[in-house]
Every structure is written in structure tokens, then in C-alpha cells.
Amino acid sequence: MPAPSILRLHLASLNGPDGGTWPVHGFVILHEKAGPILVDTGVGGPEKALTDWRVVNVSAADALAKHDLLPSDIKIVINTHLHFDHCGQNAVFKHAPFYVQRTELDRARRESTPLLDWFDFAGARFELLDGDTQIADGVRVIATPGHTVGHQSVMVATGVDGEELMIGDAAYTSKIYEKPDRPQLPRGQAADREAWERSLQHIHELRPAHVHFCHDTAIVHS
Ligand SMILES: [Zn+2]
């Protein structure tokens with residue numbers, strides 16, 4: 001069986017916590033046996049959120065079409081976490097199960113009530129995960145709490161030169177990933193600074209061959 005491969009989707013641009021323009025990426029893992037797996041679905045939410053963040057949105061369907069994929073082709077959705085720019089278009093993938101950490105769904109239901117219609121709509125099927133979990137051959141999630149309490153990142157054995165990591169918002173950018181021990185972090189980067197630093201240390205210890213970011217076009221190669 002060929003090793004899985006990764007496609008990056010451009011799902012939006014928004015006004016980042018540093019005032020600059022940030023991309024929003026999702027990823028598709030092309031997996032021979034499990035089918036296409038989507039990591040994060042892009043931006044959605046109440047009008048106010050979209051205005052506040054000055055979102056220029058792309059529909060997930062259009063982003064997938066660039067790679068000759070339809071929303072219905074997606075067999076599994078993994079949400080790194082349930083912020084509006086990572087689960088905003090979950091409803092496009094109603095046919096697929098959403099793999100989310102149990103602690104993250106609890107948090108979002110408590111803290112993100114304006115977003116409920118976007119991730120907790122009628123018929124949403126959650127696969128609730130408790131920590132590190134194998135999703136398919138060569139695809140696993142690792143719990144990386146800190147940005148949110150139930151944040152997870154996705155490791156894929158693509159076979160090129162080790163595992164590739166989709167880091168989610170465990171680090172917004174390559175610069176933050178490479179130097180997490182800075183006094184000042186962008187707004188929202190770490191809800192729990194101690195847990196966040198432990199997660200980043202853990203990721204570094206795993207030595208991913210490539211690190212892909214949601215909000216940075218740079219790819220870190222180690
Ligand atoms: Zn986030």
C-alpha cells in the first residue's frame with residue numbers, strides 16, 4: 001500500500017493577532033485504505049466574528065475542487081480544535097464523523113455558545129478521543145493541550161523521510177514553533193501557557209520531518 005500523502009488547502013485569509021494578514025489552511029490526507037481525511041474545515045461563524053477578523057473566506061468545496069475532490073469524497077474529518085477558523089465549515093461534511101478530543105468538545109460547548117450551530121448542529125457525529133489515538137494506518141493524533149484544553153495535532157507517516165506533523169494552532173507560525181520560550185506570545189496562542197510549553201516540547205521531541213501550519217505558509221523541515 002502506498003504511504004499517505006498530504007495536500008494543503010487555502011481556506012481563508014484573516015486579520016491575525018499581530019495585525020497582519022494570516023492564511024487559514026486545512027489539509028487533506030490522501031489515504032489509500034481510509035479514503036481522504038480532512039484536517040480542519042476552515043472559517044465559519046456568526047457575522048460578527050467574520051467582520052472582526054476581516055475574513056476573506058473560501059468555501060471548503062472550492063478549495064477541494066482545486067484538487068479534483070468533492071466534499072462527499074471526504075471520509076473522516078479531524079478537527080485540531082473547535083475555534084471558528086478550524087471547524088467553521090464542518091456542516092459541509094455532515095456525512096463524515098468528526099474526530100475531536102472529548103475535552104475539546106466539552107470546552108467548546110461551554111465557552112463557544114455563539115458557534116454551536118457551526119459545530120454542534122443536529123446530526124453531527126462525533127468520534128470523541130481521549131488523548132493520543134491511531135486514526136488509520138500511518139495516521140495518528142497526538143494530544144497537544146495549551147492553545148485550548150483539548151487541542152490535538154496530526155502525525156502522518158508519509159514515507160518521504162519520517163512523519164509529517166500538522167500542528168494546528170499548537171504554534172501559529174514557524175517562528176513561534178522554533179522559539180517558544182519567548183516572553184510575549186500573540187493574543188490567543190496559549191490559554192494555558194505551562195501546558196502549551198509542555199506540548200511544544202513534546203512535539204519537538206517527536207522530531208517530525210516536516211511541520212505544516214494552519215496560519216503560516218512556511219513549512220519547517222528538520
Ligand atoms: Zn485556535
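Keep in mind that what you see is a predicted model, and the values were worked out from it rather than measured. Order of listing sets the numbers, starting from 1, for every ligand and every atom in it.
Checking side-chain atoms of His147 against main-chain N and O of Tyr172 turns up no donor-acceptor pair under 3.5 Å. Without hydrogens or angle criteria, Thr133 side chain to Gly131 main chain gives a donor-acceptor distance under 3.5 Å.
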- Evaluation steps, ring-ring contact (aromatic ring centres under 6.0 Å, His included), between His25 and Phe213: CA-CA 7 Å; His25 298 138; Phe213 298 87; 9.3 Å; no
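Side-chain atoms of His86 and Asp169 form a donor-acceptor pair, as typed in the model, at a separation below 3.5 Å.
At a threshold of 2.8 Å, the Zn ion (ligand 1) has a backbone or side-chain N, O or S atom of His81 nearer than that distance. When distances to the Zn ion (ligand 1) are checked against a cut-off of 2.8 Å, His83 contributes an N, O or S atom below that limit.
For His147 atom NE2 and Asp169 atom OD2, the angle they make at the Zn ion (ligand 1) is roughly 90°, to 10 degrees.
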